Protein chains: 2
Amino acid sequence: MEQEGGIPRDSISNRVKKWISERILNGTYPPGHRLVELQIAHELKTSQGPVREALRELEASGLVESEPFKGTRVRQVSAREMQEAYQVRAFIEQHAAELAAFALRDNTSRLQSEIVAAHEAAEKGDIETFSRHNAVFHRQIVEASGNSILLRFWDALQFEIRSQVILSQEKFSPLEGEKLHQAIIDAFRNGNGKLAGRLLRKHLLGFADTIDSTHEASWVHAGRKSSTG
Amino acid sequence: MEQEGGIPRDSISNRVKKWISERILNGTYPPGHRLVELQIAHELKTSQGPVREALRELEASGLVESEPFKGTRVRQVSAREMQEAYQVRAFIEQHAAELAAFALRDNTSRLQSEIVAAHEAAEKGDIETFSRHNAVFHRQIVEASGNSILLRFWDALQFEIRSQVILSQEKFSPLEGEKLHQAIIDAFRNGNGKLAGRLLRKHLLGFADTIDSTHEASWVHAGRKSSTG
DNA sequence: CGAATATCGATTATCGATAATTTATTATTT
DNA sequence: AAATAATAAATTATCGATAATCGATATTCG
């Protein structure tokens, strides 16, 4: 049985949550934007309760922040925090790679197919699709580590990071990254988790270094480019 | 201006949250125990809303879990998950130690005082106090790393772990750990973050290894001992 | 004029009631 | 008696209304 309009089969608060995060991630609601419970409730033809619940969950995941009696706003992630996030991601993945070495040995076809898909998207200039496949590639490694807590943290970071896309046009050189990705896959195929880990770490820390305070205003929100810089 | 009864100056939902987590952590609500919104609301002379909100926040922090329309229960943490948590904690702290090397060089007095306090508590057999100081010791290292995301993850882990205290009586040998702690402090004093990191990692992974499935039923809830084993 | 205070509009926090859903119980059929 | 269906009880999810608090503006007093 299918629903008609919006997002199907889910509690209202969940639908609200998706609706809001979509708008945050695609830049409709920019950092600092105020989210008024009753206003959103009215817009979505529901009541305050589910909206409030959705906002609280988004707060837990770091996408918005709220103060008692003052309300909720889309969170502004500082350049510093962004760097920290990438540093943490770097060593999460390094560690995951070492743990995943056994599981991925001679078992890299799924990794490979993500890289292929990412490559195709990159050639078409489709950043959105490229990013998705790229993310899946990295996530698969953490998944293969077999440590669910590691994966939970990785997901949390990824979600938080997504709100501030890091691919400013100048830095977007997927071709270079591609060689590295291939090297990582090769390392896994040979069962060399240590090497794969080192490569991943280097890759991500390099990314972190490209984030500086001058970027803060010139980040690209998924979809549209903001030429605030 | 002081309140009279319970916990002062906080939103109701926050007070409810503290009230519930207290009961989970001290074993009043054991794993699997069902938490009924209206029942708790009635017991605390409030309404469903704040209780629901509190439960959702506790879910986000991993202390309880809930399914749509089926309700909320105190989460049972498996031995496996516990091991994973300690593994993650181990390498978080290892990494933090390396980052903290500079900040802690010739600046270990606060670490030292926690160890002293922990030692005193241990001699008195006061596990509760020992654990607290021990936790602060480790947390200070992560704090000194200067990476707030790392600290956030560490806090999340710590909170989750707290619900299943790991110091079963047999394994409670603080004296052995003490030497290690001292060695860690010495390493920091000499600015040797790598060494401190290795020691921390070894310490924590050793801990993780003592957790096996036979422990699952014999964990000690903070405060009272459950001789379920 | 300027500081402190009262008032108003907007919004969050909480409440009590109702709808939707699950779980348990009873009735019905074979 | 076992399996299935119908009903009832319990609980979560949502709603609409009220209370509490914030921020801004107007007002009073020195």
Side-chain angles (χ1 to χ4, degrees), chain A residues 1-21 23-24 29-75, chain B residues 1-21 23-24 29-61 63-76:
Chain A
M1 216 176 286
E2 281 279 55
Q3 244 84 351
E4 32 167 355
I7 308 120
R9 196 128 294 287
D10 230 342
S11 70
I12 294 183
S13 80
N14 254 318
R15 275 182 286 179
V16 174
K17 187 168 108 180
K18 284 178 187 166
W19 188 88
I20 296 175
S21 54
R23 282 178 145 63
I24 294 177
Y29 292 158
H33 181 88
R34 185 137 178 241
L35 301 166
V36 178
E37 296 174 358
L38 279 170
Q39 182 196 303
I40 294 173
H42 185 256
E43 190 168 358
L44 293 177
K45 292 184 174 56
T46 179
S47 62
Q48 194 186 352
V51 175
R52 191 181 168 78
E53 209 168 298
L55 288 174
R56 281 290 149 84
E57 286 178 40
L58 290 175
E59 183 178 19
S61 68
L63 223 48
V64 307
E65 63 190 345
S66 53
E67 288 192 278
F69 289 107
K70 300 184 76 180
T72 304
R73 302 175 167 278
V74 179
R75 201 157 80 90
Chain B
M1 215 176 282
E2 281 280 55
Q3 244 82 352
E4 32 168 354
I7 308 121
R9 199 123 292 287
D10 230 343
S11 70
I12 294 185
S13 80
N14 254 316
R15 275 181 286 178
V16 174
K17 187 168 110 182
K18 284 178 187 166
W19 189 87
I20 296 175
S21 55
R23 286 179 178 230
I24 294 177
Y29 292 159
H33 181 88
R34 186 138 178 243
L35 301 167
V36 178
E37 296 174 357
L38 279 171
Q39 182 195 303
I40 293 174
H42 185 256
E43 191 168 359
L44 293 178
K45 292 183 173 56
T46 178
S47 62
Q48 194 186 353
V51 175
R52 190 181 169 79
E53 209 168 299
L55 288 175
R56 282 289 148 84
E57 285 177 39
L58 290 175
E59 183 178 20
S61 68
L63 224 47
V64 306
E65 62 190 346
S66 52
E67 288 193 277
F69 287 106
K70 300 184 75 183
T72 305
R73 305 178 165 275
V74 178
R75 200 157 81 89
Q76 167 71 271

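Below, read A as the first sequence line, B as the second, and so on, with proteins coming before strands; counting in each chain starts at 1. Just so you know, these numbers come straight off a predicted model, no measurement behind them.
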*Between C/dA13, C/dT22, C/dT11, which nucleotide gets closest to the side-chain atoms of B/K70?*
C/dT22

Applying a 4.0 Å non-hydrogen cut-off, can you work out what [X] is touching in the nucleic acid: base, sugar-phosphate, or nothing?
| X | answer |
| --- | --- |
| A/I12 | sugar-phosphate |
| A/L35 | sugar-phosphate |
| A/S66 | nothing |

What integer distance in Å separates [X]:[atom1] from [N]:[atom2]?
| X | N | atom1 | atom2 | value |
| --- | --- | --- | --- | --- |
| B/E67 | D/dA13 | CD | P | 11 Å |
| A/R73 | D/dC22 | CZ | C1' | 13 Å |
| A/L38 | D/dG16 | CG | P | 11 Å |
| B/L44 | C/dA13 | CG | C1' | 17 Å |
| A/I40 | D/dC15 | CD1 | P | 15 Å |
| B/H42 | C/dC15 | NE2 | P | 13 Å |
| B/F69 | D/dT11 | CZ | C1' | 10 Å |
| B/K45 | C/dT14 | NZ | C1' | 17 Å |

_Heavy-atom check, side chain of A/V51 versus side chain of A/L44, under 4.5 Å_ = no

*asked:* Less than 4.5 Å apart, side chain to side chain, heavy atoms only: is that true for A/I20 and A/I40?
replied: yes

*Of all the heavy-atom pairs spanning B/R56 and B/S66, show the shortest one and how long it is.*
NE-OG, 4.2 Å

_Ring-face cation contact, B/W19 with B/R15, 6.0 Å cut, 45° max_ = no

_Expected output: side-chain B/R73 to main-chain B/G32 donor-acceptor under 3.5 Å_ = yes

*Sequence neighbours excluded, which residues qualify as side chain to side chain donor-acceptor pair (under 3.5 Å) partners of B/E37?*
B/Q48, B/R52

_Can you list everything that forms a side chain to side chain donor-acceptor pair (under 3.5 Å) with B/E57? Sequence neighbours excluded, please._
B/K17

*Return the 5'-most residue of the pair A/P68, A/S13 with respect to DNA chain D, ranking by each residue's nearest nucleotide.*
A/S13

*Please list residues of residues 47-56 of chain A whose heavy atoms come under 4.0 Å from any atom in DNA chain D, ordered by number; otherwise none.*
A/S47, A/Q48, A/P50

*Can a side chain N or O of A/T46 be found less than 4.0 Å away from OP1 or OP2 on D/dC15?*
yes

